[in-house]
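Structure first, then comments.
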Number of protein chains: 2
Amino acid sequence: MTTAGPGLRERKKQATRTHIAAVATRLFVEQGFEATTIAQIAERAEVAKMTVTNYFALKEDLLFDRAPEIIALLADAVAERAAGSTPEQAVAAVYRRRLEERWPALAFVGLEFARTVEASPALRTRERTMMLEQEDALAAVLVAESDDEVPARVEAARLAGIFRVLYFEARRRVLAGEDSEAVVTALESACERIWSP
Amino acid sequence: MTTAGPGLRERKKQATRTHIAAVATRLFVEQGFEATTIAQIAERAEVAKMTVTNYFALKEDLLFDRAPEIIALLADAVAERAAGSTPEQAVAAVYRRRLEERWPALAFVGLEFARTVEASPALRTRERTMMLEQEDALAAVLVAESDDEVPARVEAARLAGIFRVLYFEARRRVLAGEDSEAVVTALESACERIWSP
DNA sequence: GGAAGAAATTAGGCTCGACCTACGAAAAGG
DNA sequence: CCTTTTCGTAGGTCGAGCCTAATTTCTTCC
């Protein structure tokens with residue numbers, strides 16, 4: 001075959017994965033995380049129970065299927081930043097950019113999603129784990145750039161911490177009933193207070 | 001009753017709790033976390049399976065029974081710091097103090113413990129969750145002191161991040177086979193590089 | 001275009017962590 | 001001493017995670 005592209009098998013796999021995650025997400029939102037069983041997800045998605053387990057090592061991963069995007073966000077932004085700019089500037093830039101775009105690519109900000117996560121200890125833990133994975137990814141980039149590992153990791157913790165605080169601030173405001181634009185405005189103001197003075 | 005003190009009932013409870021945690025820890029170290037079952041722990045500790053579950057909501061908690069000490073460490077140090085000193089100074093002071101004392105009160109630094117935790121994804125996750133709980137506790141103190149919540153949380157993330165980085169740096173060195181004094185020396189040096197310049 | 005090979009999916013079953021309920025044992029307080 | 005409250009136990013349910021063997025689905029090479 002001349003045009004490489006992903007074959008039928010790979011495309012089907014991705015479709016199955018996405019489909020299962022979508023079905024699971026809807027059930028979690030409707031009935032809650034612990035009230036939904038893997039068997040039920042499998043039935044609704046019309047696959048075997050084992051297929052669900054096969055694609056998603058943990059039940060929690062069904063809701064956080066797009067976690068890799070967030071995990072890589074800061075590390076990529078810093079690794080690909082303009083020459084001469086600091087990691088901090090890169091993080092600030094990527095966050096402000098996301099605010100301008102109203103987070104088009106990330107689904108982790110809706111009210112229903114927020115409620116579902118907050119209602120389940122297991123999902124809250126999974127989300128926080130994701131945040132520390134993001135920090136690890138960023139740390140790997142900074143350590144590679146630096147000649148002193150510990151301070152590089154501290155800087156990664158600080159920058160990822162800023163992102164994390166803003167992330168949960170958004171969550172808090174969404175849950176408080178603020179509309180989308182109000183949340184964005186509040187976050188822009190928070191950025192100012194963090195980075196301006 | 002004149003002498004208040006904890007009654008017999010409360011003392012027995014604490015003894016049972018400590019005993020179960022000790023038995024579990026030994027089994028985890030000997031055979032690994034996932035290879036050890038709750039039933040086995042109950043048998044060795046000579047209590048009912050349900051009693052173990054009763055004291056420890058999650059299997060992971062059996063190893064991290066003393067997590068509250070670490071969780072409260074920074075928050076307490078900052079809340080009780082000398083008047084006029086900064087939160088950062090309080091965190092630096094409590095960490096340096098622990099180094100001087102060779103961590104007598106905290107058991108989270110031994111080689112066997114380190115190996116046991118590293119070998120189990122569930123325990124690694126539990127440990128990182130603990131670290132974020134520590135950050136939350138510190139954030140609560142800083143937010144109460146501040147008039148602007150978001151920057152206060154960012155500062156909590158930074159300070160807790162420093163502690164976390166040093167904690168895992170200790171882990172890494174212990175696993176690399178360094179002896180206790182070498183680890184302490186390395187951490188003191190790391191503190192200098194973080195806080196001096 | 002068809003057969004051989006590889007990979008994904010399935011059915012069914014198993015272990016074990018987490019939880020529930022009702023009951024019995026032990027301590028605290030009158 | 002007797003009542004009340006709390007703690008621990010026995011036995012059982014539910015579901016997540018995992019294994020195996022068999023079957024279906026795609027790829028590849030003839």
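Letters A, B, ... mirror the listed sequences (proteins, then strands); counts begin at 1. The structure presented is a predicted model; accordingly, all values stated were derived computationally and were not measured.
R11(A) places its CZ atom 15 Å from the P atom of dA8(C), with the value rounded to the nearest Å. Between N54(B) atom CG and dT9(D) atom C1' there is a gap of 10 Å when expressed in whole angstrom units. For the pair I38(B) CD1 and dG17(D) C1', the interatomic distance rounds to 16 Å; values are reported in whole Å. One can place CZ of F33(B) at 20 Å from P of dT15(C), the figure rounded to the nearest angstrom. The CG atom of L63(B) sits 15 Å away from the P atom of dG17(C) (whole-angstrom rounding). Per the geometry, NZ belonging to K59(A) stands 15 Å off P belonging to dC18(D), to the nearest Å. Atom CD of E60(A) is separated from atom C1' of dG15(D) by 13 Å (rounded to the nearest Å). Rounding to whole angstrom units, NZ of residue K12(A) and P of dA6(C) are separated by 21 Å.
Residue contacts shown for F56(B) are absent, as no nucleic acid heavy atom lies under 4.0 Å away.
Close to dT10(C), at under 4.0 Å from its OP1 or OP2, lies no side-chain N or O of K49(A). Between dG8(D) and Y55(B), a contact under 4.0 Å exists linking OP1 or OP2 to a side-chain N or O. Look at T16(A) and you'll find a side-chain N or O under 4.0 angstrom from OP1 or OP2 of dT9(C).
Take the nearest nucleotide of DNA chain C for T37(B) and for E10(B): the residue whose nucleotide is more 5' is T37(B). Looking at which nucleotide of DNA chain C each of M50(B) and V52(A) is closest to, the 5′-most match is held by V52(A).
In this structure, CZ on R153(A) lies 4.0 Å from CZ on R172(B), to the nearest 0.5 angstrom. One distance of note links CG of L111(B) with CZ of R171(B); it measures 10.5 Å at 0.5 Å rounding.
Of the candidate nucleotides dA8(C), dG17(D), dT10(C), dG17(D) has the atom lying nearest to any side-chain atom of L58(A). The side chain of A48(A) sits closest to dA11(C) out of dT9(D), dC18(D), dA11(C).
Put simply, the side chain of E178(A) never gets that close to the backbone of R173(A): no donor and acceptor are under 3.5 Å apart.
Q40(A) and T36(A) share no side-chain donor-acceptor pair at under 3.5 Å.
Proximity of the aromatic rings of F28(B) and F113(B) is defined here by a centroid distance below 6.0 angstrom, and this criterion is not met.
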